Asker: 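Below is a structure I'd like to ask you about.
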Amino acid sequence: MASPEARTPLMAGNWKMNLNHLEAIAHVQKLAFGLSDKDFDAVEVAVLPPFTDLRSVQTLVDGDKLKIRYGAQDISAHDDGAYTGEVSGPMLAKLNCTYVVVGHSERRQYHGEAEESCNAKVKAAYRHGLTPILCVGEPLDVRKAGGHIAHTLAQLDGALKDVPAEHVASIVVAYEPVWAIGTGEVATPENAQEVCAAIRGRLAELYDRPLSEGVRVQYGGSVKAGNVAAIMAQPDVDGALVGGAALNAEEFVKIVRFRDQ
Ligand SMILES: O=C(CO)COP(=O)(O)O
């Protein structure tokens with residue numbers, strides 16, 4: 001059975017709608033300059049830029065043989081066709097993306113994405129060899145009413161409906177409580193651990209324990225260099241999905257080096 005030590009931490013920077021393709025190149029160059037082989041041995045590092053940056057990031061990563069991985073912030077549920085404005089799995093796969101975010105709370109909030117759409121997007125990602133970073137997490141009113149675990153697990157169940165174990169074995173689940181996103185209000189390490197452990201427990205119920213022990217569960221929501229170490233010290237937290245703090249290369253390097261903070 002995979003132990004927590006066997007799960008390589010994943011530090012992923014979700015840039016949201018920030019940094020154009022020229023800024024993206026400068027930013028990834030700074031990350032590459034700031035990080036060493038030792039960092040990449042200990043931690044997997046990924047950036048999740050806007051779609052328009054991906055080709056530039058790919059060219060830089062390939063050309064300089066960087067160990068930084070990259071991915072997209074969304075994926076169409078469809079593989080091609082008349083879906084104006086969408087970007088397909090085959091397009092992302094062609095750009096050698098490793099990851100794709102599915103079900104970020106901002107997509108749920110502003111684009112009405114719910115379980116069915118997240119489920120279709122998870123399946124679309126796997127059809128094309130992309131690893132979903134599936135985001136789940138409760139809004140403030142649900143947390144205040146004590147329903148955070150039920151809410152988060154229902155999102156997990158919905159997104160994984162009919163997704164086979166061979167796929168889910170590689171998924172990344174990001175617990176991102178909505179009240180902690182971009183608010184500066186970080187969940188306590190205990191809050192993060194409680195829900196990340198519940199997610200792992202549900203994966204064991206839906207699939208099996210060895211699978212659940214191998215899946216990486218990230219925490220996201222106001223992560224910065226100053227709070228990342230305490231969150232990463234929790235046994236069921238295997239990385240962070242970082243928004244605002246990932247836009248500053250020096251800060252993100254420090255987050256990757258959470259063991260030194
Ligand atoms: O939404 C997030 C990452 O996906 C978190 O954003 P912040 O780190 O800015 O709170």
Side-chain angles (χ1 to χ4, degrees), residues 9-19 23-24 27 31 43-51 53-54 57 68-75 97-111 113 117-118 121-122 125 130-140 142-143 148 151-152 155-156 159 171-189 191-192 195-196 199 216-232 234 237-258 261:
L10 171 61
M11 293 303 181
N14 173 11
W15 298 358
K16 308 191 180 185
M17 199 173 68
N18 296 290
L19 307 183
E23 293 164 335
H27 184 89
L31 292 182
V43 175
E44 195 183 330
V45 182
V47 293
L48 305 163
F51 290 127
D53 298 4
L54 285 170
V57 170
I68 293 172
R69 300 230 160 107
Y70 55 90
Q73 298 171 16
D74 188 28
I75 180 173
C97 287
T98 300
Y99 293 107
V100 62
V101 177
V102 171
H104 192 278
S105 64
E106 288 147 18
R107 303 247 12 130
R108 294 178 191 260
Q109 184 179 349
Y110 304 127
H111 301 271
E113 293 194 14
S117 141
C118 293
K121 291 183 175 195
V122 166
L130 303 161
T131 299
I133 299 178
L134 171 66
C135 298
V136 291
E138 80 288 353
L140 187 59
V142 173
R143 156 91 29 190
H148 48 290
H151 180 98
T152 302
Q155 290 180 329
L156 184 71
I171 205 167
V172 176
V173 182
Y175 169 55
E176 297 208 313
V178 178
W179 48 270
I181 294 178
T183 58
E185 186 170 346
V186 66
T188 64
N191 290 158
V195 185
C196 291
I199 289 169
R216 289 178 295 181
V217 183
Q218 295 179 306
Y219 166 78
S222 298
V223 171
K224 353 185 216 303
N227 58 31
V228 66
I231 292 167
M232 288 302 293
Q234 300 300 314
V237 179
D238 307 313
L241 188 55
V242 186
L247 298 175
N248 177 314
E250 287 79 28
E251 178 84 3
F252 192 60
V253 165
K254 285 190 195 155
I255 289 171
V256 171
R257 297 211 176 113
F258 64 91
Q261 305 308 316

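Both counts, for ligands and for their atoms, begin at 1 and track the order of listing. We use all heavy atoms of the structure for the numbers below, so side chains are in, but hydrogens, waters and symmetry mates are not. For clarity, every value in this text was computed on a predicted model and none was experimentally measured.
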Asker: Quick check on contacts: which atoms of ligand 1 are under 4.0 angstrom from a heavy atom of Ser222?
Answerer: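 Counting from 1, the qualifying ligand atoms are 7 (P), 8 (O), 10 (O).
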
Asker: Is ligand 1 less than 4.0 angstrom away from at least one heavy atom of Lys16?
Answerer: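 Heavy atoms of Lys16 do come under 4.0 Å of ligand 1.
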
Asker: Which option, Cys135, Gly13, Gly137, Gly182, owns the non-hydrogen atom nearest atom 10 (O) of ligand 1?
Answerer: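 It is Gly182 whose heavy atom sits nearest to atom 10 (O) of ligand 1.
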
Asker: Give a yes or no on whether the backbone of Gly221 and the side-chain of Tyr219 come within a donor-acceptor separation of less than 3.5 Å.
Answerer: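 Present.
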
Asker: Quick one: does Phe252's side chain get under 4.5 Å of Val45's, heavy atoms only?
Answerer: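 When only atoms from C-beta onward are counted, Val45 and Phe252 do touch, with a gap below 4.5 Å.
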
Asker: Roughly how far, to the nearest 0.5 Å, is the CG atom of Asp74 from the NE2 atom of His104?
Answerer: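 His104 NE2 to Asp74 CG: 11.0 Å, rounded to 0.5 Å.
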
Asker: Which residue and non-hydrogen atom of the protein lie closest to atom 8 (O) of ligand 1, and at what distance in Å?
Answerer: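 Its nearest protein heavy-atom neighbour is Gly243 N, 2.9 Å.
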
Asker: Just which atoms of ligand 1 are under 4.0 Å from any heavy atom in Asn14?
Answerer: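 In order of numbering, the contacting atoms are 3 (C), 4 (O).
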
Asker: Take every heavy atom of Ser105, measure it against each atom of ligand 1, and state whether any distance is under 4.0 Å.
Answerer: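 So Ser105 does not count as touching ligand 1.
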
Asker: Specify the protein heavy atom at minimum distance from atom 9 (O) of ligand 1: its residue, its atom name, and the distance to 0.1 Å.
Answerer: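 Residue, atom and distance for the closest contact: Gly244 N, 2.8 Å.
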
Asker: Calculate, to the nearest 0.5 Å, the distance between atoms OG1 and CD belonging to Thr98 and Glu44 respectively.
Answerer: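 If I round to the nearest 0.5 Å, the distance is 7.0 Å.
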
Asker: What do the steps show when you test Leu156 against Leu134 for side chain to side chain contact (heavy atoms under 4.5 Å, CB included), and what is the final call?
Answerer: CA-CA 8 Å; Leu156 184 71; Leu134 171 66; 4.0 Å; yes

Asker: What pair of heavy atoms forms the shortest contact from Val186 to Ala180, and how long is it?
Answerer: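 Closest approach of Val186 to Ala180: CA-CB, 4.5 Å.
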
Asker: Ligand 1 versus Leu241, non-hydrogen atoms closer than 4.0 Å: side chain, backbone, both, neither?
Answerer: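 It is both backbone and side chain that touch ligand 1.
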
Asker: Please check: side-chain N/O of Arg108 versus main-chain N/O of Cys135, any donor-acceptor pairing under 3.5 Å?
Answerer: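 It does hold such a pair.
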
Asker: So if I count the atoms of ligand 1 from 1 in the order they appear, which ones are less than 4.0 Å from some heavy atom of Glu176?
Answerer: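 Counting from 1, the qualifying ligand atoms are 1 (O), 2 (C), 3 (C), 4 (O), 5 (C).
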
Asker: Assess whether side chain to side chain contact (heavy atoms under 4.5 Å, CB included) is satisfied between Val101 and Glu106, documenting all intermediate values.
Answerer: CA-CA 11 Å; Val101 177; Glu106 288 147 18; over 6 Å; no

Asker: If you count the atoms of ligand 1 from 1 in the order shown, which ones are under 4.0 Å from a heavy atom of Gly221?
Answerer: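 Within the 4.0 Å cut-off of Gly221, ligand 1 contributes 5 (C), 10 (O).
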
Asker: Within a distance under 4.0 Å of any heavy atom of Ala180, pick out the atoms of ligand 1 and give their elements.
Answerer: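 Near Ala180, the atoms of ligand 1 are 10 (O).
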
